[in-house]
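Quick notes on the structure that follows.
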There are 2 protein chains.
Amino acid sequence: MLVVPRAAPASIPSLDLAELRRSCRSCALHALCLPASISSEDLTSLDAIVRARRPLNRGDLLFASGTRFQSLFVVRSGSFKTTLEMNSGEQQVLGFHLPGEILGFDALSDDVHRCSAEALERASVCDAPFAQIDEFAANVPGLRRQLLRIASREVVKDHEHLMMMGRRQAQERLAIFLRSLSQRYRNLQRAPELLELPMSRHELANYLGLVVETVSRMFTRFEELGVLRVNRKQIRIVNFARLDELAGDASQDIESEAC
Amino acid sequence: MLVVPRAAPASIPSLDLAELRRSCRSCALHALCLPASISSEDLTSLDAIVRARRPLNRGDLLFASGTRFQSLFVVRSGSFKTTLEMNSGEQQVLGFHLPGEILGFDALSDDVHRCSAEALERASVCDAPFAQIDEFAANVPGLRRQLLRIASREVVKDHEHLMMMGRRQAQERLAIFLRSLSQRYRNLQRAPELLELPMSRHELANYLGLVVETVSRMFTRFEELGVLRVNRKQIRIVNFARLDELAGDASQDIESEAC
DNA sequence: CGCTGAGTTGAGTTTGGTCAACAGTCGTGG
DNA sequence: CCACGACTGTTGACCAAACTCAACTCAGCG
């Protein structure tokens, strides 16, 4: 299985056009993305459809809630948050998205984006125009199945988020989140004990269904308990076993891949 | 648009085989289900694939978490809950499902059911073997698109659940739930002010991320406020405007279709 | 008719929210 | 380069919403 060969730096200093234009075939995220179950010839055709995009800066919107859906996006580098905005103006953070993850599936229901996606740091994506993907899917059973597989994974991921939000204590929530993020780092071949949180405390608190002060206190407590070393957004997990205990048995049999 | 012609009774007194065998074409839920965007000829072929199932009794499992995925199920009558079980034994209620809704999409990610579905009352479903659906989808663009549409709707529905779980007060949560359920009744051509809750207080509390006592107190409070008339599982909404206020502005532009 | 389980109500406790002060970091511009 | 201001994050004191525990009511059922 092909994955990113080394830890991606937190910020991409120079992402040149040649880098942007490399094909799906050579993309290091290859195995994590859409083409996962597609034959070699088909992959070449898919290459023609999927285009790299100019990088986004921190705070840039990849798409906004309410806008017309046209493409699915694959995160290539950096990270994103997806949020739901309510009439009152408050927003709910739905997830944080790392390289290899696909954004936009919620819009397939009626061709309108139902949430917004915002870059948390300098980031780049691949753009997969859905009309062409769909057309292509007619002839490629593997792609058809893969699209549903990814949509379904989205559902599974949300179910895990719901489980975390349902009657869990603050410290369990944070522990579950950190454990899950660590696992995703592992999947990306990044050091699982060294987390570089791309989101603010406020965004994290919102995702966890807590206020920022509570999250802050939990980080302090975890440090006192000898579970973490915390330096602003750099988190080092020093005791995985203890972190698992703090997360409770609030897990399913299989580790989550996304958050 | 064809939908159920009259309010379905809470319990089905006699569901004979003839009833069970009626085709998708004549199914009153027609417009709500899989075939929604499929041509007349194709619908006939789909009929050959989808089969009605023997009815389930309260407490019966339609499918269990961890078992092999084979079919999608369409609720014909009655209702279901889906739940996630964690290692500790506690469970999280993910949703309640009324006629016309499709169950099993979370299993498309790896062909294993990731949650369990249990009948809340006497209920019946249609069974759509996925292998055949998928094969069929190769030739019918409408079905292919529709499958993704439904999977996506599942995601949107979960996002609404997450929004409700994130930092909302107990009374807001219950109000949001009741309003959404009322809307779903309306979609089914049932009286939107007269709710027959098929779930126990315990199950409802779990879904809302609360304890049963809190839910009970909220029902009492809503009754005192003149918003509801509560008689065990019969709920009558007597003041929709006030219910909307209690739900806060915690809603999106479009009403939820599922829960 | 009593048993069981579901639901309600009350009293007391606790977790996490609110409000406020403070510290540290970053970016801007003199 | 440093000074300033804005912003993010941390900490403390206090408060309240929801949880826990317990008693009690009611409906359904053998």
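Just so it is clear, the values below take in all heavy atoms, side chains as well, and ignore hydrogens, waters and symmetry mates. So you know, we letter chains A, B, ... as the sequences are listed, proteins then strands, and number each from 1.
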Review point. What's the NE2-P distance between B:His202 and C:dA6, to the nearest Å?
Key: 9 Å

Check your understanding: Between B:Leu204 (CG) and C:dA6 (C1'), how many Å, whole number?
Key -> 14 Å

Review point. So, is A:Arg201 near the phosphate of D:dT10, with a side-chain N or O under 4.0 Å from OP1 or OP2?
Key: yes

Practice item. Determine, for B:Glu223 against B:Arg229, whether the closest basic-nitrogen to carboxylate-oxygen distance falls under 4.0 angstrom. Key: yes

Revision key, fill the gap. B:Glu203 atom CD is separated from C:dG5 atom P, nearest whole Å, by 16 Å

Practice item. Indicate yes or no: does B:Asp106 engage B:Arg114 in a salt bridge with an N to O separation below 4.0 Å. Key: no

Review point. Are B:Arg168 and A:Glu90 within salt-bridge range, i.e. N to O under 4.0 Å?
Key: yes

Revision key, fill the gap. Separation of C:dT9 atom C1' from B:Phe219 atom CZ, nearest Å, is 16 Å

Check your understanding: side chain to side chain contact (heavy atoms under 4.5 Å, CB included) with B:Phe80: which of B:Leu62, B:Leu120, B:Leu61, B:Asp60?
Key -> B:Leu62

**Study point:** Separation of D:dT10 C1' from A:Ile235 CD1 (nearest whole Å)
**Key:** 13 Å

Check your understanding: Over how many whole Å does the gap from B:Leu208 atom CG to D:dA17 atom P extend?
Key -> 18 Å

Practice item. Identify whether any heavy atom of A:Ser200 sits under 4.0 Å from a base atom; if not, whether one sits that close to sugar-phosphate; answer base, sugar-phosphate or nothing. Key: sugar-phosphate

Exercise for review: If a protein heavy atom is under 4.0 Å from the base, mark B; if only from the sugar-phosphate, S; if neither, -; do that for nucleotides 16-23 of chain C going 5' to 3'.
Suggested key: SSBB----

Review point. Within this structure, what is the NZ-to-P distance between A:Lys233 and D:dC7, rounded to whole angstrom?
Key: 15 Å

Exercise for review: Would you please name every residue forming a salt bridge (charged side-chain N to carboxylate O under 4.0 Å, His left out) with B:Arg221, sequence neighbours left out?
Suggested key: none

Check your understanding: Roughly, in whole Å, what's the span from CD in A:Gln234 to P in D:dT8?
Key -> 18 Å

Exercise for review: Verify whether the ring centers belonging to A:Tyr207 and A:Phe96 lie closer than 6.0 Å.
Suggested key: yes

